[in-house]
Amino acid sequence: MNTIIEFKAVDILQKTNIIFQNINFKISAGEFIYIIGKTGSGKSSLLKSLYAELPIKKGGIEVLGYEVGELDDNNISNLRRKLGIVFQDFQLLTDRTLYENLLFILEATGWKDKEKINERIKEVLDNVHLENCESKMPYELSGGEQQRATIARALLNHPEIILADEPTGNLDPEKSERIIGLLKEINNKGTTIIVATHDYSIIKKFPSHTFVCENRSLVEINSENF
């Protein structure tokens, strides 16, 4: 399979602290990956390193053909357009409707054709089962709906990879299952998904390749043992 992410003897820093040391692993196109570990073990840091938010002290990370540690600002922007990022705290613009939230992203990334913009917004809202919600404000959406809205936002520019940082962290078990089920649907259409989580119950219900962050390392484990 085609390798789209590769860590090569990588050390990752958070300020002056070494979070990971000499990690090596690959992710192929179309995989669904869980990253687990205790609070503070580096799950979020690992995701941030993929879109050049955290510095690499040693080694190299290649993402979709980009050597992350060598990118200038322009190429960082180009890489990030190929990634969809789903945040635990949603980060929706609270003074705008759902449609306006999505419109803001499309216009900021160069979309100009109004008809194509409207088609894409309708398409992503259909994909996340938020039909007829485009005129709602974020506060009018439930927690699960807000998280689905962030997934819709992440899908806008047809990303090859979606990075989801604790996407079920603020949700009850039923809503959590719906979110992971939705990410699985997206993965089944070919998008690579990486989920950082401490919610082991969803891994048990939706098993897939799982890596644990511990002792500054990343180790693959059998998710069927949960």
Side-chain angles (χ1 to χ4, degrees), residues 1-89 91 109 150 154 157-167 169 183 186-187 190-200 202-203 207-223 225-226:
M1 294 180 70
N2 181 30
T3 297
I4 58 172
I5 294 174
E6 184 173 5
F7 285 72
K8 297 168 281 190
V10 173
D11 291 0
I12 298 174
L13 290 176
Q14 177 68 268
K15 295 183 179 178
T16 58
N17 296 322
I18 297 179
I19 305 299
F20 289 102
Q21 195 162 33
N22 196 38
I23 58 172
N24 296 274
F25 81 109
K26 298 178 181 180
I27 295 176
S28 298
E31 286 198 82
F32 190 108
I33 302 289
Y34 292 112
I35 306 292
I36 66 170
K38 297 177 182 177
T39 300
S41 63
K43 300 186 297 295
S44 295
S45 297
L46 190 75
L47 297 190
K48 288 177 179 178
S49 73
L50 293 173
Y51 55 93
E53 186 72 20
L54 279 183
I56 304 165
K57 183 179 181 184
K58 191 184 76 171
I61 302 175
E62 186 173 334
V63 181
L64 297 171
Y66 292 88
E67 286 288 345
V68 175
E70 300 174 6
L71 298 180
D72 57 23
D73 289 345
N74 187 52
N75 279 316
I76 288 174
S77 296
N78 291 338
L79 169 62
R80 289 177 180 175
R81 288 192 185 100
K82 296 173 183 273
L83 306 175
I85 302 172
V86 178
F87 300 99
Q88 177 182 356
D89 56 356
Q91 296 194 14
T109 52
T150 68
N157 282 302
H158 303 279
E160 297 180 52
I161 302 168
I162 287 181
L163 308 174
D165 191 1
E166 297 284 4
L183 290 173
I186 295 165
N187 175 246
T191 304
T192 303
I193 308 285
I194 304 174
V195 177
T197 185
H198 63 266
D199 186 350
Y200 295 173
I202 60 170
I203 300 175
S208 194
H209 292 152
T210 302
F211 293 84
V212 61
C213 305
E214 59 182 9
N215 302 321
R216 298 179 177 175
S217 297
L218 198 65
V219 180
E220 185 168 12
I221 60 173
N222 188 346
S223 62
N225 292 335
F226 286 102

Check your understanding: Would Ser49 and Val68 count as a side chain to side chain contact (heavy atoms under 4.5 Å, CB included) if you check the C-alpha gap in whole Å, the side-chain angles of each, and the deciding distance to 0.1 Å?
Key -> CA-CA 8 Å; Ser49 73; Val68 175; over 6 Å; no

Measure from the side-chain N and O atoms of [X] to the backbone N and O of [Y], and report whether any donor-acceptor pair falls under 3.5 Å.
| X | Y | value |
| --- | --- | --- |
| Glu31 | Ser28 | yes |
| Asn187 | Gly30 | yes |
| Ser77 | Asp73 | yes |
| Asn75 | Asn78 | no |
| Thr3 | Ile5 | no |
| Asp165 | Ala196 | no |
| Thr191 | Ile161 | no |
| Ser44 | Gly42 | no |
| Asp11 | Asn22 | yes |

When rounded to the nearest 0.5 angstrom, what is the spacing between [atom1] in [X] and [atom2] in [Y]?
| X | Y | atom1 | atom2 | answer |
| --- | --- | --- | --- | --- |
| Asn17 | Ile12 | CG | CD1 | 13.5 Å |
| Ile27 | Ile194 | CD1 | CD1 | 3.5 Å |
| Lys57 | Thr16 | NZ | OG1 | 10.0 Å |
| Asn2 | Thr192 | CG | OG1 | 9.0 Å |
| Ser45 | Leu50 | OG | CG | 11.0 Å |

Side chains of [X] and [Y]: does their closest heavy-atom pair fall under 4.5 Å?
| X | Y | result |
| --- | --- | --- |
| Ile186 | Ile162 | yes |
| Leu83 | Val63 | yes |
| Ile85 | Tyr51 | yes |
| Val212 | Leu218 | no |
| Leu13 | Ile19 | no |
| Gln14 | Leu54 | yes |
| Pro159 | Lys82 | no |
| Ser208 | Tyr34 | yes |

Might you point out which heavy atoms bring [X] and [Y] nearest each other, and give the distance in Å?
| X | Y | result |
| --- | --- | --- |
| Cys213 | Phe20 | SG-CZ, 3.6 Å |
| Lys43 | Ile35 | CD-O, 3.5 Å |
| Val86 | Pro167 | CG1-CB, 4.4 Å |
| Arg216 | Ile23 | O-CG2, 3.8 Å |

Exercise for review: State plainly whether the residues Arg81 and Glu160 are in salt-bridge range, i.e. N to O under 4.0 Å.
Suggested key: no

Check your understanding: Should the ring pair Phe25 and Phe7 be called parallel, tilted or perpendicular, given that the plane angle runs from 0 to 90° and is split at 30 and 60?
Key -> parallel

**Study point:** Stepwise side chain to side chain contact (heavy atoms under 4.5 Å, CB included) test for Leu71 and Tyr66
**Key:** CA-CA 8 Å; Leu71 298 180; Tyr66 292 88; 3.7 Å; yes

Practice item. Decide side-chain hydrogen bond (donor to acceptor under 3.5 Å, both in side chains) for Glu220 and His209; before the verdict, give the C-alpha distance in whole Å, the side-chain angles of both, and the deciding distance to 0.1 Å. Key: CA-CA 7 Å; Glu220 185 168 12; His209 292 152; 4.6 Å; no

Study note, to complete from the structure: Given the options Ile203, Asp199, Val195, Ile36 meets side-chain contact (heavy atoms from CB on, under 4.5 Å) only with Ile203

Study note, to complete from the structure: Those residues at least two apart in sequence (or on a different chain) that pass salt bridge (charged side-chain N to carboxylate O under 4.0 Å, His left out) with Glu53 are Arg80

Exercise for review: Apply the test side chain to side chain contact (heavy atoms under 4.5 Å, CB included) to residues Lys8 and Glu67: give CA-CA distance (whole Å), side-chain angles for both, the deciding distance (0.1 Å), then the verdict.
Suggested key: CA-CA 11 Å; Lys8 297 168 281 190; Glu67 286 288 345; 2.8 Å; yes

